[in-house]
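In what follows, chains carry the letters A, B, and so on, assigned in the order in which the sequence lines appear, proteins first and then strands, with residues in each chain numbered from 1.
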Number of protein chains: 2
Amino acid sequence: MATIRDVAKLADVSVSTVSLALSNPARVSQKTLERIRQAIAAVGFVADPLAQSLARGRSRMIGFVVGNVGNPFFGDIRRELENYALDHQHFVVVTDSSGKTDRERAMVEHLIGLKTAGLALAPSGYDQDYIDFIAGLNVPIVCFDQKVAGIERDFVGSDNYLAGAMLTEHLLQLGHRRIAIITGPSHMRTATERYRGFAETMANAGVEVNPNFVVDGQFTRTAGYEAAMRLLIQPERPSAILGANNTVALSALQAMQELGFRCPEDISLAMIDNVQWSSVITPRITMVVQDTLALGGIIARRLMHRITNPQGAVEPPQDFVLTPKFVPGNSCRRI
Amino acid sequence: MATIRDVAKLADVSVSTVSLALSNPARVSQKTLERIRQAIAAVGFVADPLAQSLARGRSRMIGFVVGNVGNPFFGDIRRELENYALDHQHFVVVTDSSGKTDRERAMVEHLIGLKTAGLALAPSGYDQDYIDFIAGLNVPIVCFDQKVAGIERDFVGSDNYLAGAMLTEHLLQLGHRRIAIITGPSHMRTATERYRGFAETMANAGVEVNPNFVVDGQFTRTAGYEAAMRLLIQPERPSAILGANNTVALSALQAMQELGFRCPEDISLAMIDNVQWSSVITPRITMVVQDTLALGGIIARRLMHRITNPQGAVEPPQDFVLTPKFVPGNSCRRI
DNA sequence: TGATTGAATCGAACCGGTTCGATTGAGCCC
DNA sequence: GGGCTCAATCGAACCGGTTCGATTCAATCA
C-alpha cells in the first residue's frame, strides 16, 4: 500500500502539501497540484480511512442501528438512507441488536469508537440508564420508529395513534362492536399509542370494550399466537381482531386457520404495518401502512444536514410525524 | 476521553508497559499490574479501537456483505454469525449492496480499508474483473450462497442440484408431466444448478420438457410475475410450476390468483427456499428449504477459525455443501 | 528602497495506540 | 566476586494520516 509519504517523495513536496492538495486543492498552486496528481496515480495512492479518522477524530461512516434488519420496514429505510448517504460521500454500516438493549448499547459504543459521523437509531431501550447513555453521546443522532420519552433527539416516525384509530373506525363502520386488540409491549410508545387510538375511538363511539378482548402480544410471533388463541377460545368470541403490528396480526391469522375459523366470514382481521408478500396472503389483510420511503428520506436528509452543516449540529431536536395510509383488503366483512 | 498515556502517568509506568499489561498480562509483575488496573479504573480508560486497528493493521470487525439483508435467509445467517463472533470478541458490521456488483465492490473495498479481520461474502458479481478483485484480497473470506467459478475461497452453501431434483421428483411422483420451471439468471450457479436438477430428473424419468415451459424469472418479483404470466396464458398450460426461488414462486402464485386459477386444484406449485410467514400463505407451498442455521454456524466457525488460528489463514479453501430439506405443503395435488 | 502583505509550502507535533530492541537489576552459578 | 540469565520495564520508532504555526519569496505600496 502506498502511503502519503511515497506520494510526497515522488512529487518532491512535503507530506503536508499532499494532504492539503487532497483536502483543499485551491490552496495549492497549479503546477504542484499537477505533480501531486501524477504521483498519486503513479503509486496508486488511496488514503487510509482509518488513519484519516484517527487524525480527524471523525469518519465518513454512518451507523444504522435497528433491532431487526430483516424487517422490511427497516430494510426500506436503510435503503433510502444508504442511497442518500452514498450521494454525499458517506457510507452506511448496519448493526442489528436483535432487539436486545444491552447489545444495542454495545453496538452504539462500538460505532462511537469508530468515530462515526452520525447515527440513525431505532431505539429499543427505555430505562433511565439507557436514556442517559444516548443523551451523553456527542454525535448527530436521528431516532426513528420508537419515540422514547426522555431522549431529546430528532425523531422521525408515524402517527401511531391515528393508525390505531383509523382501523378501529373502519371496523366500527362495518358494524363491528365486539372488537378485540392484540397489543404490543407497554413500554413501547408505538404500542401504547396504537392502543390509545383504538381505545379512544371505541369510547368516542360509545362502544364498551370487553376487558377480555385486550390481550398482549408483545409484538412477537409466539406471544401474538398465544394471545390470539386466548381470544379465540372464549365463549363469546370477538367479531373482529385488530393486530397492533404485522407480527401479532399474522400470528392471529395462523391461529384462526389452525382452529378452523374462516377470515373474514367468521372473524375479521386488520393490522398495522405491512409485510412482505402480503399480496399473496389469503385473505388480503386490511391494514394501515407507514410510508417507509418518506420516513427513510427524512431520516437521511435530517442526519446528513446535521453532519455536514456546521451549525446543523446545534439545532434543537425536531419531531417529524407522518400520517400512515389506509390500505383496504378483504379481511374485514360487514356485519 | 482518557488515553493510555493518562493511565501510564497515573500508574507511574511507561506507556508500553500499560499496553503490554493489556495485551499480555502474564508478562507484567503482579504489583505493576495492580497499579495499572487501578489507574485504568480511575481514569475510565477504554482503548480506542481506531488507534488499535491502525497500529495493529487489523481490527476486530467482521464484514458481512450480502445483496439484501432483508432476505430472511441472509438474516438467519447473519444472526448465527453475529452470535458466534460476539462470543469471540468480534463485531459484525453489515453492508448491503442491493445486488449491485459495483456497489458491493466499493463496500468490500471500504471494509478492507477498515482492516476488517475477515469477510463473510455472498458474492453477486461474476465477471473476471470481480473475481480477480476478490482473489487479490489478503483477508480471510468465507463465501456463501453463490458459488462463483474462479473464486478460490471457502464456500458454504446448499446442494442446489438436489433441491431442484427433489421437487421435480415429487411432482413426477404425483403424476405430473407438464411441469414448468421459472428459473433464475443464467450467470448464477444456484440458478443453473437448480435448473439442472430439474432437467436431469425429467430426462431420467423419460419425460420431455416443453421448451415453452422453461421461463426466466431472474429471481426477481417483476420478472417472475411476467414469466408466470407467460406460462399461464399458453393454450396448453402446465399442470405444475416449479419456482426456482421463493420470489418467483410467490410471484407465480400472485399471477395465478389474479387470473383466477386455483392452487392446487388448477395448477400445482412448488418452490425452493422458504419465506417469512409461509405458514399463513394459502395454500401452504410445498418447498425445499435450506438449513440456514447450520449454514450460518459453519460460516461463523470457518471464518473465526481462519481469523484466530495463525495457520488457519493458509489452509486450502474448502467447500461445505449441505443437503436441503423437503417440506411438504398442500400446493401440489395428485393427478 | 525598505516595509508590508499574502500565496505557497514546509516542519513538527499530534491522533492513540503497538512493537521491538535496549536497559536495568535481581538471582544464580562457578 | 565476576559473569550469565532472565524477568520486568522502558524508549523510541511506527501505523498513516491531519493541522497549524513558521518560513520563504515575489508582488505591492508608501
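Checked against the 6.0 Å centroid criterion, the rings of A:F64 and A:F144 qualify as a close aromatic pair.
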One character per nucleotide, please: for nucleotides 8-21 of chain C, 5' to 3', B when the base has a protein heavy atom closer than 4.0 Å, S when only the sugar-phosphate does, - otherwise.
SBBB---BBBBB--

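In this structure, a donor-acceptor pair under 3.5 Å is absent between the side chains of A:D48 and A:Q52.
A cation-pi contact, defined as under 6.0 Å to the ring centre and within 45° of the axis, is absent between A:R302 and A:F320. A cation-pi contact links B:R105 to B:F133, judged by a cut-off of 6.0 Å to the six-membered ring centre and 45° from its axis.
Annotation for B:L50 and A:L54: closest pair CD2-N, 3.9 Å, computed over non-hydrogen atoms. Closest approach of A:A191 and A:P185 over heavy atoms only: CB-O, 3.2 Å.
In this structure, the helix from C:dT1-D:dA30 to C:dC30-D:dG1 shows an angle of 60° between the axis at its start and the axis at its end, each fitted on 5 base pairs and rounded to 10°.
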With side chain to side chain contact (heavy atoms under 4.5 Å, CB included) as the test, would you mind laying out the steps for A:D154 and A:E315 before giving the verdict?
CA-CA 10 Å; A:D154 288 325; A:E315 283 177 25; over 6 Å; no

